[in-house]
> 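Can you keep this structure in mind? I'll have questions shortly.
Order of appearance sets the numbers: ligands from 1, and atoms from 1 within every ligand.
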Amino acid sequence: MTKRKIGITCYPTVGGSGVVATELGKSLAERGHEVHFITSSLPFRLENVNANIYFHEVEVNQYSVFRYPPYDLALASKMAEVAKREKLDILHVHYAVPHAISAHLAKEMTGNHLKVVTTLHGTDITVLGYDPSLTDMIRFGIERSDTVTAVSNDLARQTHELLGTKKQIETVYNFIDQRVYYPKDSRALREEYGISPEEKILVHVSNFRKVKRVPDVVKSFRLIRDKLKAKLILIGDGPEHRVVNELVRELGLEKEVLFLGNQKRIADLLSMSDLKLLLSEKESFGLVLLEAMACGLPVIGTNIGGIPEVINDKESGFICDLGDTEQIARKAVEILSDDNLHASMSKEAKRRAEEIFHQDLIVAQYEEIYERTIKGE
Ligand code: GMT
């Protein structure tokens, strides 16, 4: 495999697209490629030092003449500067707006030599694609990219349908680092949280945005704990946090629902849990499902977006109808009250995470896409 010079642009803060982009960059660097992150700040997962990783900060200066600081232009300028100076072979941008547009500008600025790969992550299409002020611009960014990938078949389908573009979109699934996400012995942690061995633990991890439907998680949990002794762990923070807090109080569940906020040791918390719930109304992939599966957790998700591509229904968990909290609770109780079913789903979840969504497989897929794109194939 030829070692390449690869530029990566993503949102560097907490969020699935930034996580995937950063993990991809780290993995490419480990495989001997030279990786240049071009982002507004240091990506939050970029904590390890690697001689093949470089960071180029996009700075936006404030001038009184600007009502809004022109980040998109500053980014394009930085991309072009880095591409020229470092002789990048390829620029891989994650999330369509503004990254694909800025990459197109950078390509023009560097005499059209720079090749651009754009990866669509979800809300860049399923939310922003509906905004009339952005639709044409997103389509433009996609069509001007040399190669476009999406994180699920469903997202590729939605992009074609919503934007009416004929651009080929390849599916490259997300992945997780199996060296971080694996089943850990978490009996001590369980004790620290004061959860007794006979209690079942349900877990939900998200950014508490409306699309995640966290209230459905709480409502399902209320029905579940009517049938068995259980605790619900909510990890993450975001706009719906207060609403969820109030619902927990209204339902009298304060003692059974633990709000843990943003956490770093997600794999430990997943490992001490018994079942993971992701009940979103929009979800192009659901990286958190994969993290749970890799830790050996059965999962319940909604029949939305890319979720059915991640969970194989009845094998690694269950796919339920959006908003049907009674069905969700029934399925959860089915898993949690049958040790054999739980064990077989746990085994299948782990196998699936390892065999279909393994880091090495997915990163090799990106490498192959880079080679094809560089050669203009
Ligand atoms: O939805 C989020 O929590 C954040 C969002 C993002 O842009 O970071 O996540 C999207 O990209 C992730 C990585 O590809 C996917 O796993 C998420 O499913 C996707 N979110 C949605 O489609 C709502």
> How about Thr149 and Thr119: does a side-chain donor come under 3.5 Å of a side-chain acceptor?
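Looking only at side-chain atoms, Thr119 and Thr149 do form a donor-acceptor pair, the distance falling under 3.5 Å.
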> What atoms of ligand 1 come closer than 4.0 angstrom to any heavy atom of Lys282?
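Near Lys282, the atoms of ligand 1 are 23 (C).
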> Only heavy atoms of Ser284, strictly under 4.0 Å: list the atoms of ligand 1 that pass.
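Once the distances to Ser284 are compared, the set is 15 (C), 17 (C), 18 (O), 19 (C), 21 (C), 22 (O).
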> Counting only nitrogen or oxygen atoms and a 3.5 angstrom limit, does Gly286 reach ligand 1?
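Yes, at least one N or O pair falls under 3.5 Å.
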> Looking at Thr123, which atoms of ligand 1 are within less than 4.0 Å of one of its heavy atoms?
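The atoms of ligand 1 under 4.0 Å from a heavy atom of Thr123 are 7 (O), 23 (C).
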> For residues Asn153 and Thr171, is any side-chain donor paired with an opposing acceptor at under 3.5 Å?
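The answer is yes; a qualifying pair exists.
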> With a 4.0 Å heavy-atom cut-off (strictly under), which part of Val151 contacts ligand 1: side chain, backbone, both or neither?
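For Val151, only side-chain atoms sit under 4.0 Å from ligand 1.
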> Any side-chain heavy-atom pair from Asn174 and Phe357 closer than 4.5 angstrom?
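Side-chain contact under 4.5 Å: no.
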> For ligand 1, is any non-hydrogen atom under 4.0 Å from Tyr95's backbone (N, CA, C, O), its side chain (CB onward), both, or neither?
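Tyr95 to ligand 1: side-chain contact only, backbone stays beyond 4.0 Å.
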> Would you check if there is a donor-acceptor pair between the side chains of Ser133 and Asp131 at a distance under 3.5 Å?
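Yes, side-chain donor-acceptor contact under 3.5 Å.
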> Within a distance under 4.0 Å of any heavy atom of Leu287, pick out the atoms of ligand 1 and give their elements.
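It comes down to these atoms of ligand 1: 16 (O).
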> For residues Tyr95 and Thr9, is any side-chain donor paired with an opposing acceptor at under 3.5 Å?
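No, because no side-chain N or O of Tyr95 sits under 3.5 Å from a partner of the opposite role on Thr9.
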> Considering the heavy atoms of Gly15, write down every atom of ligand 1 situated less than 4.0 Å from one of them.
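It comes down to these atoms of ligand 1: 8 (O).
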> What I'd like to find out is whether the side chain of Phe318 reaches to under 4.5 Å of the side chain of Ile311, using heavy atoms alone.
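No. Closest side-chain heavy atoms not under 4.5 Å.
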> Consider every N or O of Phe285 and every N or O of ligand 1, then say whether any pair is closer than 3.5 Å.
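Yes: some nitrogen or oxygen of Phe285 is under 3.5 Å from one in ligand 1.
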> Among the heavy atoms of Thr126, does any lie under 4.0 Å from an atom of ligand 1?
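No; Thr126 lies far enough from ligand 1 that no heavy-atom distance drops under 4.0 Å.
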> Pairing donors with acceptors under 3.5 angstrom, does anything connect the side chains of Thr165 and Glu143?
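Result is yes, a qualifying pair exists.
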> Indicate yes or no: does an N/O atom of Ser17 lie under 3.5 Å from an N/O atom of ligand 1?
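Such a contact does occur with ligand 1.
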> So which of Thr119, Asn207, Val310, Ile304 gets nearest to atom 3 (O) of ligand 1, if we judge by its closest heavy atom?
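The option holding the nearest heavy atom is Asn207.
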> Hey, does Gly122 come in under 3.5 Å of ligand 1, counting only N/O atoms on both sides?
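No: no nitrogen or oxygen of Gly122 is under 3.5 Å from one in ligand 1.
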> For ligand 1, which atoms have a heavy atom of Asn174 less than 4.0 angstrom away?
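Once the distances to Asn174 are compared, the set is 13 (C), 14 (O), 16 (O).
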> Any chance the side chains of His33 and Glu367 put a donor and an acceptor closer than 3.5 Å?
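A donor-acceptor contact under 3.5 Å links the two side chains.
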> Would you say the ring centers of Phe221 and His204 fall short of 6.0 Å from each other?
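Centroid separation for Phe221 and His204: 6.0 Å or greater.
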